[in-house]
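For the single chain, residues carry numbers from 1 onward in sequence order. Note that ligands are numbered from 1 as they come in the structure, with each ligand's atoms numbered from 1 the same way.
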Amino acid sequence: MLKAVRGTKDIFQEELGLRQRIEAKACEVFTTYNYQEISTPIIEELDLFQRTLGAHSDIVSKQMFVIKKDKDNLCLRPEATAAVVRAYLENNLDKEGQLYKFYYMGPMFRAERPQKGRLRQFSHIGVEAIGVSGYYQDAEVICLADSLLKNIGIKDFEIKLNSLGCAKDKEKLAELLKKSLKDKLSSLCTDCQNRYKKNVFRILDCKNEICQETVSRLNLANQHLCSDCLDNLNNLKSLLKSLKINYKLVSHLVRGLDYYTGTVFEITHPALGSQDALGAGGRYDHLIKELGGKDTPAIGFALGVERLLLALPGPQVRSKSQQRINGVYIAALGARAIQEGFLLLDILRKRNIISEMDCRDLSLKANLRRADKLNFRFVIMLGDNELQKNVFILKDMLEGTQQDLPQENIVLELEKRLKS
Ligand code: HAM
């Protein structure tokens, strides 16, 4: 039998409903913060990510889904930040010198070894604020992530915060890391021994337990930060405190992508196990220039939708699914009733009332079982008897009550009850 590709999944019914609710809530929160939607293509030039994420990042070195087509070297996008910046430059938005605040939702692709919370096709909900530097913008983005997670109903997440500092500070941090890791090299995995020479930052996001333990014992204490960057971090910390946003300063947090400088953050959740990041983000003040634009500061984050689903509290998931569809199922018995019912179905749908009917001449019991399984709040029942009396029986599946109603009143009556 043909199967879905490993690390991808079919999404329907309850999970699809939950995802749609998360996306709707995200749209609401993003709009409140005055972010506008952007949608970029799923395929991009491979070069875009090779130039921006870093040759030694896990994504570029081993996780790209590459598509070779004639002379083109394309790929499935592994993330959206570089793509949004490409779109910003290609559409000349940089010429207008304004602040652009974008949000996006959609599938990303990374050829990873699948496990809980780690897929090869997964979805991001993210934002990119392009054009403003400083700790107020950093605080807005972190506050937005915090507010979104709370609105979705996720509890107990932790925001981990750090600053890589400006480009010079980042170089200093690399030196500092090399110095602190020099005498611990033999205890690191062979990949990390290579990373030490090529890009020492990548040691900090190695998934190997021994490497992680070594890294967690490093005491970097923001020694690499110049006075401006340290002030920025301190101002951000006190602003977050005033906004009552809990965070933890983690001095070895660097993030797995090369484009970051300045503020970086990661949001973790204990329900996720080893892949514990719900989302992450940070500043990428040099990326726009690197891609050919003017020097333009920017910051953003992305949340992984599949991980949000894992972190949602169980009872909430269940109670949502138990909620009845605020609509009506028509149970028609016999050929004439089926025809009348089918015409009524059309009227209801044109009045935007969610409605369904099974035209297979089922028994009443089978019809009611089906209405219950489909989770409808109301059922309209009709057979020869009702047709003769010119009535419909309206059953409320939630209350367990039923009532005969004149046929001509049914739409108005239903509309009234669906609103209550
Ligand atoms: P990232 O940390 O690579 O950042 O991905 C963000 C989130 O996507 C992760 O925290 C995780 O929740 C989810 N995620 C990543 N890989 C997978 C996977 N294989 N399966 C399931 N979920 C996954 C970025 O992509 C940056 N573009 C974020 C950003 C936006 N920085 C600035 N602006």
When you check the side-chain N and O atoms of [X] and [Y], is any donor under 3.5 Å from an acceptor?
X: Gln20; Y: Glu23; value: no
X: Asn208; Y: Asp191; value: no
X: Thr81; Y: Tyr259; value: yes
X: Asp358; Y: Asn367; value: no

Nearest-contact summary for [atom] - protein heavy atom, Å:
atom: atom 5 (O) of ligand 1; value: His124 NE2, 3.4 Å
atom: atom 14 (N) of ligand 1; value: Phe122 CE1, 3.6 Å
atom: atom 13 (C) of ligand 1; value: Gly304 CA, 3.7 Å
atom: atom 27 (N) of ligand 1; value: Glu79 OE1, 2.6 Å
atom: atom 15 (C) of ligand 1; value: Arg110 NH1, 3.4 Å
atom: atom 33 (N) of ligand 1; value: Glu128 OE1, 2.9 Å
atom: atom 21 (C) of ligand 1; value: Gly117 O, 3.3 Å
atom: atom 10 (O) of ligand 1; value: Gly279 CA, 3.2 Å

Discussion item. Does only the side chain of Phe109 get under 4.0 Å from ligand 1, or the backbone, or both, or neither? Count heavy atoms.
Written reply: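 Contact part for Phe109 vs ligand 1: neither.
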Item to complete: Check Ile267 against ligand 1 and report side chain, backbone, both or neither, counting heavy atoms closer than 4.0 Å.
Response: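 Ile267 to ligand 1: no contact under 4.0 Å from either part.
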Discussion item. Centroid separation under 6.0 Å, is that true for the rings of Tyr103 and Tyr35?
Written reply: no
Heteroatom distance test ([X], ligand 1): nitrogen or oxygen, under 3.5 angstrom:
X: Tyr104; value: no
X: Ala277; value: yes
X: Tyr284; value: no
X: Tyr260; value: yes
X: Leu119; value: yes

Response to the item:
The complete set of ring-ring contact (aromatic ring centres under 6.0 Å, His included) pairs with one or both residues in residues 119-144, sequence neighbours excluded, reads Phe122-His124
So if I count the atoms of ligand 1 from 1 in the order they appear, which ones are less than 4.0 Å from some heavy atom of [X]?
X: Gly281; answer: 31 (N)
X: Arg118; answer: 19 (N), 20 (N)
X: Leu278; answer: 10 (O), 12 (O)
X: Phe301; answer: 29 (C), 30 (C), 32 (C), 33 (N)
X: Ala280; answer: 2 (O), 10 (O), 28 (C), 29 (C)

Practice prompt. Using a strict 4.0 Å threshold on nitrogen-to-oxygen distance, state whether Lys160 and Glu158 make a salt bridge.
Written response: yes
Worksheet entry | Residues Asp72, Lys68: salt bridge by 4.0 Å N-O rule |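 Judged by the 4.0 Å cut-off on N to carboxylate O distance, Asp72 and Lys68 do not form a salt bridge.
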Discussion item. Would Lys25 and Phe30 count as a cation-pi pair here, with the cationic atom under 6.0 angstrom from the ring centre and within 45° of the axis?
Written reply: no
Discussion item. Using 0.5 Å steps for rounding, measure from the CD atom of Glu15 to the CG atom of Asp10.
Written reply: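 Here the rounded value is 10.0 Å.
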Item to complete: Examine ligand 1 and decide if any of its atoms is less than 4.0 Å from a heavy atom belonging to Glu306.
Response: no
Discussion item. Would Arg255 count as a contact residue for ligand 1, given that I'm defining contact as a non-hydrogen atom of the residue lying under 4.0 Å from a ligand atom?
Written reply: yes
Does [atom1] belonging to [X] count more than 12 external heavy atoms closer than 6.0 Å?
X: Ile67; atom1: CD1; value: yes
X: Arg351; atom1: CZ; value: no
X: Lys150; atom1: NZ; value: yes

Worksheet item: Minimum heavy-atom separation for Lys178 to Lys197, with atom names?
Response: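 Answer, listing the atom of Lys178 first, then Lys197: NZ-O, 4.1 Å.
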Discussion item. Just to be sure I'm reading this right: ignoring hydrogens, which of Gly300, Gly256, Ala298 gets closest to atom 32 (C) of ligand 1? Compare them by their nearest heavy atoms.
Written reply: Gly300
